[in-house]
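This report refers to the structure that appears directly beneath it.
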Amino acid sequence: MAMKSLTYFAVLYLLALTLPLAIASDPSPLQDFCVGVNTPANGVFVNGKFCKDPMTVSADDFYFPGLNIAGNVNNAVGSNVTTVNVNNLGGLNTFGISLVRIDYAPNGQNPPHTHPRATEILVVQQGTLLVGFVSSNQDGNRLFAKTLKVGDVFVFPEGLIHFQFNLGHTPAVAIAALSSQNAGVITIANTVFGSNPRIDPNVLARAFQMDPNVVRDLQNRF
Ligand SMILES: *[C@@H]1O[C@H](CO)[C@@H](O)[C@H](O)[C@H]1NC(C)=O
């Protein structure tokens, strides 16, 4: 075989190795659950949202005003999350990204919670925040915490429990981006002690190693 065609095949082979592979897999869930039905007439949602006719799409479909406005932090935890996701900015559909503004009262906190569908990257706009996340059981439930000042950025890995606490005596503000159009949020205390209907207090008493009466008291609060 001629040297020239050998080189030709070698180049083809290398190209085949380096070309990006087309990988087809199921799309990730875009809501908590999406139970299948057999007839479309009985269905309401697809995985995500239905798409608007592209010919009727305008700039306003990609626009959300007002993230300069603080949320009301006059509540039990002293924080407020203003969410910009696919539910109030339809143009985000299928793009795997969303945004929040978080306001904190002095000593307010965004209590321990997790986003089942997103990693979060946060930047402090105003104030000083103690932030942290805890790794999974397999990783030893290690706390990764940091004090952030204006301009500091921190990442909370997908699915891990995290929090932010305003260390200052003045209001604080953060902006965060999330790697889902509908990240979801599970606030630990509300989920565990505020479920509807309630989890049997004996289950939580054993799980949290505390008196069932303390569990009932917590369940009354949430
Ligand atoms: C967050 O702020 C908005 C706007 O002020 C308010 O309508 C909402 O009730 C607040 N949410 C909480 C949990 O306090």
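For ligands, and for the atoms within them, numbers begin at 1 and follow the listed sequence. Because only heavy atoms are used, hydrogens play no part in the values below, and waters and symmetry mates are left out as well, while side chains stay in.
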Determine if the distance from atom 9 (O) of ligand 1 to the closest protein heavy atom is below 4.0 Å. no

Give a yes or no on whether Lys149 atom NZ has more than 12 heavy-atom contacts from other residues, nucleotides or ligands under 6.0 Å away. no

Between Ser98 and Val84, is any pair of side-chain heavy atoms under 4.5 Å apart? no

Using a 6.0 Å cut-off, check whether atom CG of Asn38 has over 12 heavy atoms from anything other than its own residue. no

Asn75: numbered ligand 1 atoms lying under 4.0 Å from its heavy atoms: 12 (C), 13 (C), 14 (O)

Close-contact set for ligand 1 against Gly71 heavy atoms, below 4.0 Å: 2 (O)

Which of these passes ring-ring contact (aromatic ring centres under 6.0 Å, His included) with His162: Phe154, Phe156, Phe144? Phe156

Which option, Ile69, Asn80, Asn72, owns the non-hydrogen atom nearest atom 1 (C) of ligand 1? Asn80

